[in-house]
Every structure is written in structure tokens, then in C-alpha cells.
Amino acid sequence: LGLGLVPQVFFPSSDKAFFKAEFELPVGTSIDRTEEVIGGIEAFINRELRVSDERAEGVTSWVGYIGQGGPRFLLSFKPEPPSPNYAFLLVNVTSHNHIEDYIARVDSFAFETYPDLTTRLARIDYGPPLEAPVQIRILGRDVNGIFDIADRVKGRLAQVHQDIALSLQAGLSGFEMSEYREEDELIPITLRSVAADRHDIGKVESLNVYAQASGQSVPLKQVADLAVAWEPAKIMRRDRLKTITVSSQVQPGHTAFDVLGALTPWLEAEASRWGLGYRWEFGGEVENSGAASASINAKLPIALLTIIMLLVIQFNSIRRPIIILLAIPMGIIGVTFGLIVAGSYFGFMTLLGIIALAGIVVNDAIVLIDRIGIEIDENGLEPRSAIVEAAQRRMRPILLTTATTVCGLIPLWLGGGPMWKPMAIAIIFGLLFATVLTLGLVPVLYALFFRVSFRGFSYRAQSVAES
């Protein structure tokens, strides 16, 4: 129940003093236009955000890449493939505490100045590269079913004559005829109409279509009817189904899981009205989190079985390993309490912390169970006295182990940043709770499993009688 109060974040955003800014113009935009737009954005950053004598906090420097995503300067960064309508900026700032404000101002300027520009501004993520933390994929078997119906689009494409297609490409986009080599550079030679004809849709009808079979040219209007229609610039497919991905960034103070949790009921209700052949699925942070957890969960049964086999071999018993494994969930109580008190989140590194915590708890339980056996077999104590004696004798080493581990992880908690802090919190609080519960719970479980009754037992009286 307590874990439901802990925010879920797969991997946190970086606390480094820089952020990334991705800009995308409509498909087909020339690289000159992209450079012009980015130049305007850079001028805004230089004018409004750059550090100066009057502005102590702000942008210190930046680097821009036009038509490409730049080098992979971090393992978690995935550069976009080259495209003339794409640009990437990496912006350095004086402090990471004000990055959200800088992102909001750049995004607002880009939206007001360049309405056709798509912007993606965010901190660098620690985890695997994501296009956006929130992604909902809508999948169907045709484009116009997601936009409208795709069979008509496929039929329309099948009816387009090759001569018409080549003529339109030559007249509008341009048709590459050959290449010109200048030293080590290959420069394409492109045939197309003059700019005035390309920018006037009324002149498209007068474009000549060259029939390759007869060698004659006729106006396009004589062989085709022209109509202006909107169509997707790209058709993206996933699992052979045409797909639209609706992406979104998240506001500060919220997580992708919060957004998707609120959106799920609406999607489930809406999907019932979409008809057959259409479905939705989550991408982004939720998908990556599930994939990472699945990779761990796939190997977890093997690890658990190995631990059980080793414990059974060590103790030559079934009940003792069960007692040891029952102590592991006790640490989850402390993990939950620690995450809530420290205001942290549950993510991938937290999961790794819990796995490490389980190993420490198992070790403490083994030490205690083993000591009970020593007190019975070697010192000749009855089971009741052996349980109490073992708990007292093993209290010091268990507490010292806990103290050294907790003290060693405190610097990681305080200075490890958003990446390592949740893991340190999970181990510290989980170990503190598990230690107390192990010293109290394991002896109780041992007495229950081996039917040891403490009715009428007095440890002090027993010690005096034996001495």
C-alpha cells in the first residue's frame, strides 16, 4: 500500500548544467530554411538568456548542429539521422536549478515566432534514449483509418502513372540526373523547374509530362485531375502496422506514469469505439521501464532457485532456507518508508538497490540461523536457550554490518545525485528495518517452524541453573 504513494520514474533527468533542444521543421524543408530558423533562435538565446554583466545566471555557451543530431557525447544520447529539416542545440547554463525556466522561454519564443516548428527541449536523461517520456502509439492497418482510411491511399498510389510521377518530381522536388566530382566531393546535378513555378500551385497544371514510350510531352492537365489534399509526409510502421505516435513532455513535479495513469481510463473507453483493426499501446518511459524490469525478472527465478539450492545444501534442511527467504520482504517495508520520507521515487536504480538489500538480509539471516545450530549441536543448549543465546551473540556483528553499510552509503545518498540517491535510500532504510525485524522475526519463525515452545521459559533462571 505504501508503494502506491511513491512516484515512479524509470530513470531520472540529469542534474548537469546543460539541456538539449531539438527542432524539426516540416518534411521537405530545405537546410537553408532550417539554418535561418535556428539562427533566429540562437539570436534570442544570445539576447535574452546569455550571461552578461547585467545577467549573472543564464546560458554560458551552446553548440548547434544543422541537418544532423551531432556526435553521441553521452551514452544515453541517441543522435537523430541526418535530415535537412532537423537541428540540434546543446546549451550550457550556469546552474541546473533554472533549466526549466530557460526551456520554457526558448519554447515560448519558438512557438510564437515559428508556428511550423516542432520543438523538443529537455534535460539530458540518465537512462536509455527516449524521444519523449510520454508516448501513446495508435496502430492500424491503414493511414486514413488513423487519419481516415488507408486502402484508398494505397489505391491512389497504385493508379499514379510512372511518367506523371517522374515529371512531377522533376518539376517540383527535382530529379537527380548525374553527379559532378570536385576533388573528394560528389555534387548532385538536379533538374527541376524555376522557383517561381514551384511555389505557384496554379502553375502545376501546366507542367509538361514527358511520355518515355512515345517521346512526346503533354500538359499535366490533359492526363490527370488536380486537387489539393493533405497527406502524411511520412508513413511510419510498427510490427507492419501503420502507426502514429502521440508524444508529450511532462511538467516539472510530475512523472510519465502520472500522465499515463490519468490517460489510461480514457483510452480504454475510447478504444471500444475505434472499431476492429485499431489498438493502442504505451511507449516512452513506460515501455523502457517494462523492458528493463522484464529483463531482470526473467533471470530472477534462476537466481532465486540457485540461492535456495545453496541454502538447502548448506543447512541440509528445507525449513531453514524458508525462514531465511521470509526475512527478505521485511526490507521492503523500510524501502517504502525511506522513499516516502526522503521524497524520492521508485525506478530502475531503486530496484537494483532492493536486489542488493536482499543479499545483505539473507546474509544476516544465515548468520543467525547458523548460530542457533551451533548453540544446539556444539554447546548442548536446549532449543529455547539456543535461540535466545544465538540472537544475543549475533546481535553485535549484525548491527556492525548494518552500521558500516549505512554509513558508507550516506555520502551516496547526499551527493550521488538523482541517479544514485534512490538506490542508496532503498538500501539504507531497507537495511535498518530489516536488521531490527531480522533479529526479532527470524528467532520467532525458527520457533514456529521447529515447534519450540517458550511457555514458562525464563532465560535468566536457565543461565543460573546451568552455571
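The chain is numbered in sequence order, starting from 1.
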Is there side-chain contact between Glu389 and Asn379, with at least one heavy-atom pair below 4.5 Å? no
What's the shortest heavy-atom distance between Leu89 and Glu42, and which atoms? CD2-OE2, 3.8 Å
Specify the closest pair of heavy atoms between Tyr114 and Glu36, including all atoms of both residues, with the distance to one decimal. OH-O, 4.4 Å
To the nearest 0.5 Å, tell me how far Arg120 CZ sits from Asp107 CG. 12.0 Å
Are the side chains of Leu352 and Met349 in touch, meaning some heavy atoms are under 4.5 Å apart? yes
Roughly how far, to the nearest 0.5 Å, is CG of Leu448 from OG of Ser453? 10.5 Å
Can you give me the closest heavy-atom contact between Ala56 and Thr94, atom names plus distance? O-CG2, 3.9 Å
Arg371 (side chain) donor-acceptor with Arg394 (main chain) under 3.5 angstrom: no
Is there a side-chain contact between Glu57 and Tyr102 in this structure, where contact means two heavy atoms from C-beta onward sitting under 4.5 Å apart? yes
May I ask you to test the His98-Val93 pair for a side-chain heavy-atom distance under 4.5 Å? no
Is there a side-chain contact (heavy atoms from CB on, under 4.5 Å) between Ile366 and Gln314? Walk through the geometry before answering. CA-CA 10 Å; Ile366 288 175; Gln314 178 181 353; 3.8 Å; yes
Please state whether the rings of Tyr446 and Phe450 are parallel, tilted or perpendicular, taking 30° and 60° as the class boundaries. parallel
Quick check against the 3.5 Å criterion: does Thr29 have a side-chain atom that pairs as donor or acceptor with the backbone of Pro26? yes
Give a yes or no answer on whether the side chain of Ser344 reaches the backbone of Ile340 with a donor-acceptor pair at less than 3.5 Å. no
For side-chain contact (heavy atoms from CB on, under 4.5 Å), just list the numbers for Ile41 and Trp62, CA-CA rounded to whole Å, side-chain angles, deciding distance to a tenth of an Å, and then say yes or no. CA-CA 12 Å; Ile41 294 175; Trp62 68 89; over 6 Å; no
With rounding to the nearest 0.5 Å, note down the distance linking CD1 in Ile425 to CZ in Phe346. 13.0 Å
Within the 3.5 Å criterion, strictly below it, is a donor on Thr60 or Asn92 matched to an acceptor on the partner's side chain? no
Please report the C-alpha distance between Asp364 and Leu431 in whole Å, then the side-chain angles of each, then the deciding distance to 0.1 Å, and finally whether the side-chain contact (heavy atoms from CB on, under 4.5 Å) criterion is met. CA-CA 10 Å; Asp364 290 346; Leu431 188 56; 4.3 Å; yes
Which of parallel (below 30°), tilted (30 to 60°) and perpendicular (above 60°) describes Trp413 and Phe429? perpendicular
For the residue pair Ile99 and Phe18, what are the closest heavy atoms and their distance? CD1-O, 3.6 Å
How long is the gap from CD1 on Ile38 to CD1 on Ile45, to the nearest 0.5 Å? 9.0 Å
Compare all side-chain heavy atoms of Phe315 with those of Ile324 and state whether any distance is below 4.5 angstrom. yes
Assess whether atom CG of Asp116 is packed by more than 12 heavy atoms of other residues, nucleotides or ligands within 6.0 Å. yes
What are the two closest non-hydrogen atoms of Gly331 and Ala434, and how far apart are they? CA-CB, 4.0 Å
So for atom CZ, which belongs to Arg47, do other residues, nucleotides or ligands contribute more than 12 heavy atoms lying within a distance under 6.0 Å? yes
Please tell me if the side chains of Thr119 and Val106 come closer than 4.5 Å, counting only heavy atoms from C-beta onward. no
So how far is it from Ile31 CD1 to Leu25 CG, rounded to the nearest 0.5 Å? 11.0 Å
Check step by step if side-chain contact (heavy atoms from CB on, under 4.5 Å) holds for Leu304 and Leu325. CA-CA 9 Å; Leu304 185 61; Leu325 294 176; 4.2 Å; yes
Tyr86 side chain to Gly69 backbone, donor-acceptor under 3.5 Å: no
So, Arg72 side chain and Pro79 main chain: donor-acceptor pair closer than 3.5 Å or not? no
Would you say Arg393 and Glu375 make side-chain contact, with heavy atoms under 4.5 Å? yes
Test item: Ser108 side-chain N/O and Ala104 main-chain N/O as donor-acceptor pair under 3.5 Å: no
Approximate separation, where rounding is to 0.5 Å, of Thr118 OG1 and Asn85 CG: 9.5 Å
Given Ile427, which partner from the list Leu432, Ile354, Leu409 fulfils the side-chain contact (heavy atoms from CB on, under 4.5 Å) test? Leu409
Looking only at heavy atoms, what is the nearest atom pair of Val452 and Arg384, with distance? CG1-CG, 3.4 Å
Is Leu305 close to Ile302 at the side-chain level, that is, under 4.5 Å between some pair of heavy atoms? no
Between Thr404 (side chain only) and Thr401 (backbone N and O only), is there a donor and an acceptor less than 3.5 Å apart? yes
